[in-house]
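Below is one structure, written out as structure tokens; comments come after it.
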Amino acid sequence: MTSILAQPYDYELPVASTLALLIIDMQRDFLESGGFGEALGNDISQVRSIIPTVQQLLAVFREYKLPIFHTIECHKPDLSDCPPSKLNRGKGKLKIGDIGPMGRILVLGEYGNAIIPELAPLPGEIVITKPGKGAFYNTNLESLLHEQNITHLLIAGVTTEVCVQTTMREANDRGFQCLLVEDATASYFPEFKRSTLEMIIAQGGIVGWIAPAQNAIEALEKRV
Ligand code: C5J
């Protein structure tokens, strides 16, 4: 048993092998110039700032051969898995399925839909393709986690208040013990990130825990 120094209190980690790293949507569409995020008018420098910290976490999980799951938000080319409530929202310049500078927006297989090269998955790392904001909706993530006896999740990625928070809530409802790595998650809106972190740990950790990457890495170094 080891624990990560976290808020609202220490995060207990019974056995390192029950822990996985879940990296949410570090895709070109959200992080690179010309992608969906920027097309919606967002400043991508906020979300790009976490790349080195996510790389650090990835390196540690790879070194210790702990399971790593990546997600991408994407839709089938015919958009049959994209409900009108998602497709028509926003009245932006570009919407899902439209052709943008990096290919069709949020369509699986397009250049802009891929994970950024800095964090490209290695063979053996699972990539969950998800049509929703949460990584459990319409995916096999839950069964894959159960198959590998994973009960604890360190979560990173973008955006904190949308896909990361939705996934963390879904995971918490399914019984997974979740810690959001606070310097490995970002929003285009720093105040939304701050509020989300506060929400997660309110009321004794109603959704889970938060901690900086260094605390998690130090605990893993002692344990593994
Ligand atoms: C959004 C995400 N914000 N990955 N996706 O649409 O948070």
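We count ligands from 1, going down the list as the structure has it; atoms in each ligand are counted the same way. The first residue in the sequence is number 1, and the count goes up from there. What you see below is based on every heavy atom in this structure, not just the backbone, and it leaves out hydrogens, waters and symmetry mates.
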Original post:
Does some side-chain heavy atom of Val127 sit less than 4.5 Å from a side-chain heavy atom of Thr71?
Top reply: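 Not in contact.
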Subject >> Contact partition for Val164 relative to ligand 1, non-hydrogen atoms under 4.0 Å >> reply: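 Neither part.
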Give the numbers and elements of all ligand 1 atoms closer than 4.0 Å to a heavy atom of [X].
{"X": "Glu73", "result": "1 (C), 2 (C), 4 (N), 5 (N), 6 (O)"}
{"X": "Asp25", "result": "2 (C), 4 (N)"}
{"X": "Val162", "result": "1 (C), 3 (N), 7 (O)"}
{"X": "Val158", "result": "2 (C), 4 (N), 7 (O)"}
{"X": "Cys163", "result": "2 (C), 4 (N), 5 (N), 7 (O)"}

Note: [X]-[Y] ion pair, threshold 4.0 Å (strictly below):
{"X": "Glu182", "Y": "Arg194", "result": "no"}
{"X": "Glu118", "Y": "Arg48", "result": "yes"}
{"X": "Arg174", "Y": "Glu142", "result": "yes"}

Subject >> Short side-chain to backbone donor-acceptor contact, Asp81 and His75, under 3.5 Å >> reply: no
Original post:
Does Lys133 reach ligand 1, in the sense of a heavy atom lying below 4.0 Å from it?
Top reply: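 Yes; Lys133 lies near enough to ligand 1 that a heavy-atom distance drops under 4.0 Å.
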Original post:
Considering only the protein, which heavy-atom contact is closest to atom 3 (N) of ligand 1, and what is its distance?
Top reply: Thr159 OG1, 3.5 Å
**OP:** Test salt bridge (charged side-chain N to carboxylate O under 4.0 Å, His left out) on Glu161 and Lys193 and set out the steps.
**Re:** CA-CA 6 Å; Glu161 76 281 12; Lys193 172 177 170 174; over 6 Å; no
